[in-house]
Amino acid sequence: MSNFNNVCKLCKSSGISPPSFFSSSANYHNNASQKYPMVEEHLFSRFSLPTNVIRDIIGTLLSNDIYQHYTSTSFPNSNHRSTRLAKQASMLYVILFFDPVVLLQYESTQHHQQQVLVREIVDKYFYDNWVIHIYAGLTADLSLEWHRFPSAKSALDNVLSMDNVKRMHINNAKLIGQCMAELRAYLTMGILTDSFVLDNRHDLLNCLRRCNIAIRWRVLHRRTGNALYHPIVCASSGATPSTDPIFEGAFAVDDTHVVSLILLTSQLELQLKEVFCDLLDKKESIWTSSRDHACEIMIDLSEYYNGNQLKTTPSTVTRHDGLIQWFGSMSTEISVLAYNSEDHFTVTGRKIQLCVEALEEVEQYDLVYGDVPVKAYIQEARKMLLQMARALGINEDIYEDINWISDMSYGVESMKSYVDIIHSRISKNPLNVSLLLGFFLKLSSSLDGPVQRSQLKSSDTTRVTTYSSSQLVSFVRNILEIVPVSVFGILVQMSDVIERRLQDLPQKMEVNQVVAYAQTGERYKLAMMAQEAAIFADGKLLFFSVSNMCMHLVYLVSILNSR
C-alpha cells in the first residue's frame, strides 16, 4: 500500500490509443514503421532510473561489443560492423529514452560532451542504416523518431544526406546483384559436394554474410516512413518484374528481387548446414583416410628411390639413400599425426603446414623436379595433407556461425507483405515449393529472440514460446495454402482434358487414323500437369515430415520443462 501511488503513476493511461483493430488493422500492418505516435521519454520518466546507472549502461554499450563471443566469428569484417552490432544498437535506441538529455541537447559549448556522445553513437551504429529492428519484427525509423531531438537530429543529418542515402541504396542494389550471381553458381546441382565445401568453406561463409547483409538492409529500409528516402529505396523499374535488380537509372530493387534473394539464400543455408553436419559425422574418417593415403605415398616414393617401381611407372632412377631416408622419415612424421591428439588443433594444423612446406621444398630438388610421376605423387600427398587441415577446421562453431549469420528475426513482420509474391512464384513454377523449407527454417530464428534470456528461468517461457510458435505456424499455413489451391486447379484442368478433349479409342481403327487418335499434344499437356501435381505432392510430403519432427521436439521440450 505504501507504493500504491507509484504503481498508479506507472500504469495510468498515456493518453495515446493504438489504432482500432477492426477499423484500421490493414493500414496499421502496412505502415512502414509499424508504430503509432508515442512520446517515449515522457512515458519512461514516470519511473525515472538513476542517471549515473543509465550513463554507465550507455557507455558500456558504446565502448564494448557485448555479443563479441558470438558475433566475432560470424561477422569478422570491419565493413559488417553495423550488422554485428545490430542487437546492441536496438538496446541503445531504447535505453537513450531513459536519458533523453543526451538526445535533446542543442548545439552549444555548454553541452559539447553530449553532442560528442550522440555523434559517436551515430557514427558507430547508424553510419549506414537508419531503420533498426527493435524486437519481434517491430522497427523504428530514426529519421522520424529522432526528429524531435535537436542533438540527435543534427548528428543523424550528417549521415542521412540525400547523396549518402542514394549511395547506400546503390551499393545495396549492386550487392544484391552480386549475391544472386553467386547463389545461382553455388546452387547448381552437384556443386556443393563434401570436397568442394571443404576447399571453399571461407568463400561460402562470406557469400552467406554478403547475402544476409544485403537482405537485412533492404528489408528494413523498405519500411522507412520518411517521404524523402522512401522513393529512393523503394524505386520501381516500371517494367515487368524480374528476379534481378536493374542496374540502370534508379537501380530499382522490387519486392520480387528481395523474395528471390531470400529464397535462394535460405536454400544455400539449408544445404550448407546439411553438408557441415555430414562432415562433422565423417570428420574422423576423412582425417584417417587422408593420413593413411599420404603415408602410403611417402612409402611408395621411398621404395621408388630404392629401385622399386611405382604403381603406374617403372623405376628409371638409381638408388638414392638420402631421398629414401627423407621420404621414410616423412612417412613417420605424417603417421604420428593423431586426430584425438592432446595438442590444440592449431598446433596440429601447424605440424601439417610444416609437412606441406617440406614437400614443396623437396619438389625443387633436381632429381625430383625433373621426374613428372614423382611430382604428381608429391602433389597428391600435399592434397591429402591439406584435406586433413581443412577437416580439422570443421567444428560445431561453424554451425553456430551460420545460425547467427542467417538470423532473420527482424523480418517476421516484413515477410507478411511478401506472401502474395511467394504465392505468385509457386503458381507459375511449382519447383519453388522446394525452396520454402529453407525459408521457413530461416524464419524460425524469430523463435529464439523472445526466450534468449533463458538464464532468467522465467515461468512464462512456455507461454512465450507457444505464442511465438503459433504466430510462425500461422504464417507457414498462410504461405502453404497456395499449394492445395494449385493442386486442385491442376486436377480440374486434367479432368477437363480427360473428359472433354481426349477421344475414346475404338476397338479397331485404320492405320492412318492412329496419329489422330494419339492426340500427342493433349497427352503432353496432361503429362506436364501430372508432373506439376507430383512436384507439389513431393514438397507437401517433405513439409509433413518436417512438421511431424517439430511436433515431436515441442512435445519433448514440454516434458523437460514439466520435469
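Residue numbers count from 1 along this sequence.
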Task: Partner of H133 under side-chain contact (heavy atoms from CB on, under 4.5 Å), chosen from R223, R216, K87 - done: R216
Open item on the list: Using side-chain heavy atoms (C-beta onward) and a distance below 4.5 Å, is W287 in contact with Q387?
Closed with: no
Open item on the list: For a 4.5 angstrom cut-off between non-hydrogen side-chain atoms, does F75 reach I213?
Closed with: yes
Task: Short side-chain to backbone donor-acceptor contact, H293 and A381, under 3.5 Å - done: no
Open item on the list: Could you go through V233 and V253, starting from their C-alpha distance and side-chain angles, then the distance that decides it, and tell me whether this counts as side chain to side chain contact (heavy atoms under 4.5 Å, CB included)?
Closed with: CA-CA 8 Å; V233 179; V253 179; over 6 Å; no
TODO: Answer whether the closest heavy-atom distance between the side chains of L208 and S406 falls below 4.5 Å.
DONE: no
- [ ] For the pair E182 and R210, find out whether any cationic side-chain nitrogen is under 4.0 Å from an anionic carboxylate oxygen.
- [x] yes
Open item on the list: The criterion is side-chain hydrogen bond (donor to acceptor under 3.5 Å, both in side chains); which residues satisfy it with K375, sequence neighbours excluded?
Closed with: none
TODO: Rounded to the nearest 0.5 Å, what's the gap from CG on L280 to CD1 on I398? Could you check?
DONE: 7.5 Å
TODO: Could you tell me which non-hydrogen atom of N129 sits nearest to which non-hydrogen atom of S82, and how far apart they are?
DONE: ND2-CB, 3.6 Å
Task: Between SG on residue C211 and CD1 on residue I405, distance to nearest 0.5 Å - done: 10.5 Å
Open item on the list: Quick check on Y467: does its OH atom have over 12 non-hydrogen neighbours (other residues, nucleotides or ligands) under 6.0 Å away?
Closed with: no
Open item on the list: Any heavy-atom pair between the side chains of V275 and D194 that's under 4.5 Å?
Closed with: yes
Open item on the list: Could you check whether any side-chain N or O of D254 sits under 3.5 Å from a backbone N or O of T256, counting only pairs where one atom can act as donor and the other as acceptor?
Closed with: no
TODO: Using only heavy-atom distances, determine whether the side chains of D407 and S409 contain a donor-acceptor pair under 3.5 Å.
DONE: yes
- [ ] Give a yes or no answer on whether the side chain of D141 reaches the backbone of V131 with a donor-acceptor pair at less than 3.5 Å.
- [x] no
Task: Nearest-0.5 Å distance, CG of residue L392 to CD1 of residue I352 - done: 6.0 Å
Open item on the list: Main chain of V492, side chain of S495: is a donor-acceptor contact present, judged purely on distance under 3.5 Å?
Closed with: no
Open item on the list: Has D278 got a side-chain atom pairing as donor or acceptor with E274's backbone, closer than 3.5 angstrom?
Closed with: no
- [ ] Would you indicate whether F196, at its atom CZ, is surrounded by more than 12 heavy atoms from other residues, nucleotides or ligands within a distance under 6.0 Å?
- [x] yes
Task: Distance, nearest 0.5 Å, that separates NZ of K442 from CG of L436 - done: 14.5 Å
- [ ] Grab the two heavy atoms, one from W130 and one from M168, that are nearest each other, plus how far apart they are.
- [x] CZ3-SD, 3.8 Å
Open item on the list: Could you tell me if R222 and H230 have a donor-acceptor pair between their side chains, going purely by distance under 3.5 Å?
Closed with: no
- [ ] Of all the heavy-atom pairs spanning S74 and W404, show the shortest one and how long it is.
- [x] OG-CB, 3.3 Å
Task: Approximate separation, where rounding is to 0.5 Å, of N172 CG and R167 CZ - done: 12.0 Å
TODO: Would you give the length of the straight line joining atom CE of M180 to atom CG of L175, rounded to the nearest 0.5 angstrom?
DONE: 12.0 Å
Task: Atom of L192, atom of Q271 and distance for their closest heavy-atom approach - done: CD1-OE1, 3.2 Å
Open item on the list: Using modelled atom types and a 3.5 Å cut-off, is there a donor and acceptor pairing between side-chain atoms of T288 and backbone atoms of S285?
Closed with: no
TODO: Please determine, by modelled atom types, if T83 and R209 share a side-chain donor-acceptor pair under 3.5 angstrom.
DONE: no
- [ ] Decide yes or no on side chain to side chain contact (heavy atoms under 4.5 Å, CB included) for M408 and M415, but give the supporting numbers first.
- [x] CA-CA 10 Å; M408 204 174 180; M415 291 302 104; 3.5 Å; yes
Open item on the list: Is it true that, when you exclude K283 itself, more than 12 heavy atoms of the residues, nucleotides or ligands shown sit nearer than 6.0 Å to its NZ?
Closed with: yes
TODO: Check whether any side-chain heavy atom of M529 sits under 4.5 Å from a side-chain heavy atom of L491, and report yes or no.
DONE: no
Task: Shortest non-hydrogen contact from F439 toward I422 - done: CE2-CD1, 3.8 Å
- [ ] For residues F440 and I479, determine if any side-chain heavy atom of one lies less than 4.5 Å from a side-chain heavy atom of the other.
- [x] yes
Task: Intermediate values then yes/no, side chain to side chain contact (heavy atoms under 4.5 Å, CB included), C179 and T265 - done: CA-CA 9 Å; C179 291; T265 301; over 6 Å; no
Open item on the list: Looking at Y418 and V258, would you say the former's side chain and the latter's main chain have a donor-acceptor pair under 3.5 Å?
Closed with: no
Open item on the list: Are L142 and L160 packed together at the side-chain level, in the sense that at least one heavy-atom pair is separated by less than 4.5 angstrom?
Closed with: no
Task: Between N403 and K273, a side-chain donor and acceptor under 3.5 Å - done: yes
TODO: List for me each residue that meets side-chain hydrogen bond (donor to acceptor under 3.5 Å, both in side chains) alongside D420, sequence neighbours excluded, and say none if there are none.
DONE: none
- [ ] Please answer whether the main-chain N or O of L263 pairs with a side-chain N or O of S266 as donor and acceptor at a distance below 3.5 Å.
- [x] yes
Task: Exam field: side chain S417 to backbone S414, donor-acceptor pair closer than 3.5 Å - done: yes
Open item on the list: Could you check whether any side-chain heavy atom of R390 comes within less than 4.5 Å of a side-chain heavy atom of R201, counting everything from C-beta outward?
Closed with: no
Open item on the list: For a quick test of reading the model, state the closest non-hydrogen atom pair linking C207 to L183 and the distance between them.
Closed with: SG-CD2, 4.4 Å
Open item on the list: Show, in sequence, the C-alpha distance, side-chain angles and deciding distance for L204 and F276, and conclude whether the side chain to side chain contact (heavy atoms under 4.5 Å, CB included) test is met.
Closed with: CA-CA 12 Å; L204 289 167; F276 279 125; 5.7 Å; no
Task: Main-chain N/O of I286 paired to S289 side chain as donor or acceptor, under 3.5 Å - done: yes
